[in-house]
Number of protein chains: 2
Amino acid sequence: MSTTKKRSECPISSSLDIWGDKWSLLIVRDLMFSKQCTYGDFLKSEEKIATNILASRLQMLEDNGVITKQEHPESKAKVLYKLTQKGIDLLPMMIEINLWADKYFTLPPDRKEMLNELRKDKEGFIKQKREELAASIS
Amino acid sequence: MSTTKKRSECPISSSLDIWGDKWSLLIVRDLMFSKQCTYGDFLKSEEKIATNILASRLQMLEDNGVITKQEHPESKAKVLYKLTQKGIDLLPMMIEINLWADKYFTLPPDRKEMLNELRKDKEGFIKQKREELAASIS
DNA sequence: TAATTTTGCTTGCGTTTTGCAAGTGCAAAT
DNA sequence: ATTTGCACTTGCAAAACGCAAGCAAAATTA
């Protein structure tokens, strides 16, 4: 499962080898918006990922250094998932996806507003968000 | 086949509904580098996409307005595929994928050099490339 | 202390998608 | 007239997906 065989040396291809499916980037999205999530939190997302698919994607992302598991401060039964630096570095890409989607889809008002905010100072927005996320890496 | 059912209103999710797989963005990549490709050109790419998968992805991307078919100027037997404006607008995202991959993978020297060039003036690079691609939309 | 619920998964199994090979139809070249 | 090139389509086995149920450990409740 963790054997990631690259199809080529192309950066796009290598990237898709890791997160090129319908679910992985939704996990990354949840972590970028919420900073940290439990297994149950991911299951609650509106796209309704199947629990076995979630487990396999979390494993894949962890194997590839995009996310990490940490123990929950309040409970041993819970597991906290967080973005690594490698995961945080997906932020600019995630933002460009948002901007593209904003041009061609109808987005929820709150998302649209956030993107308008972003457009005023993209670099500043990214820097701040990056710091926020990095702060939660222990 | 062309029934694109959105899983949610989330921009990331909606985007993944279209090109969230291991192959679609490789097709977009080929078109961004080469401006236009025939069916056979895509098959020649080093990732070796299967011919039936290629056909289904081209259909999907066309249905969703990311690429268009055009007749080849030299031959009726050939078909030219090109990016639409919607496809060209994926450029910033594709560049961010490249930059991310450059940080975490070993890229071929020519790609690495292109990215160093890009980093000197990202906006300028994007603008120029955008114009190049737009020029080939008839 | 015992029973119940929560949490993070795993397992089974039918359906869908993938990947490989071979085949088809039309256009162009020989 | 026949062969070759090009853009697909078809068949089929293997893998991945998606849904439901199950499970062990931890936490909560009785």
In whole Å, what is the span from the [atom1] atom of [X] to the [atom2] atom of [N]?
X       : N      : atom1 : atom2 : value
B:Lys5  : D:dG18 : NZ    : C1'   : 13 Å
A:Leu43 : D:dG18 : CG    : P     : 14 Å
A:Ile27 : C:dC9  : CD1   : P     : 12 Å
A:Lys69 : C:dT7  : NZ    : P     : 16 Å
B:Lys44 : D:dG5  : NZ    : C1'   : 11 Å
B:Ile53 : D:dA16 : CD1   : C1'   : 12 Å
B:Leu54 : C:dA21 : CG    : P     : 16 Å
A:Arg7  : C:dC20 : CZ    : C1'   : 16 Å

Below the 4.0 Å mark, does [N] have OP1 or OP2 next to a side-chain nitrogen or oxygen of [X]?
X       : N      : answer
B:Tyr81 : D:dC8  : yes
B:Lys48 : C:dA21 : no
B:Arg57 : C:dT18 : yes

Query raised in the report: Is any side-chain N of the basic residue among B:Arg130 and B:Glu123 closer than 4.0 Å to the acidic one's carboxylate O?
Result: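 Looking at B:Glu123 together with B:Arg130, the answer is no, because their closest N to O distance does not fall below 4.0 Å.
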Report task. Under 4.0 Å between any heavy atoms, over every strand shown, what does A:Lys22 touch: base, sugar-phosphate, or nothing? Just pick one. Result ->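 Touches nothing.
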Requested in this report: With DNA chain D as reference, determine whether B:Val79 or A:Ala50 sits nearer its 5' end, using the nearest nucleotide of each.
Outcome: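 Per heavy-atom nearest nucleotide, the more 5' residue is B:Val79.
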Report task. Assign each of B:Tyr39 and A:Trp23 to its nearest nucleotide of DNA chain D by heavy atoms, then name whichever residue's nucleotide is nearer the 5' end. Result ->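 The residue closer to the strand's 5' end, by nearest nucleotide, is B:Tyr39.
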Report task. May I ask you to check whether A:Tyr104 and B:Ser15 show a side-chain donor-acceptor distance below 3.5 Å? Result ->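 A:Tyr104 vs B:Ser15: no donor-acceptor pair found between side chains.
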Query raised in the report: Does the side chain of A:Ser14 pick up a donor-acceptor pair with the side chain of A:Asp17 at under 3.5 Å?
Result: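 Absent: no donor and acceptor within the cut-off.
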Nucleotides 20-27 of chain D: which of its N/O atoms have a protein N/O under 3.5 Å away?
residue: D:dA26; atom: O3'; partner: A:Ala77; partner atom: N; Å: 3.3
residue: D:dA27; atom: OP1; partner: A:Lys76; partner atom: N; Å: 2.4

Query - Any donor-acceptor pair under 3.5 Å from A:Asp102 side chain to A:Leu99 backbone - result: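 Between the backbone of A:Leu99 and the side chain of A:Asp102 there is no qualifying donor-acceptor contact (under 3.5 Å).
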Query raised in the report: Got a donor-acceptor contact below 3.5 angstrom from the A:Lys86 side chain to the A:Asn64 backbone?
Result: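 Indeed, once roles are kept as given, a pair shorter than 3.5 Å links the two residues.
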Query raised in the report: Do other residues, nucleotides or ligands put more than 12 heavy atoms under 6.0 Å from the CD atom of B:Gln128?
Result: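 No, not enclosed.
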Query raised in the report: For B:Tyr81 and B:Leu58, what are the C-alpha separation, side-chain angles and deciding distance, and is it a side-chain contact (heavy atoms from CB on, under 4.5 Å)?
Result: CA-CA 9 Å; B:Tyr81 288 93; B:Leu58 288 171; 3.7 Å; yes
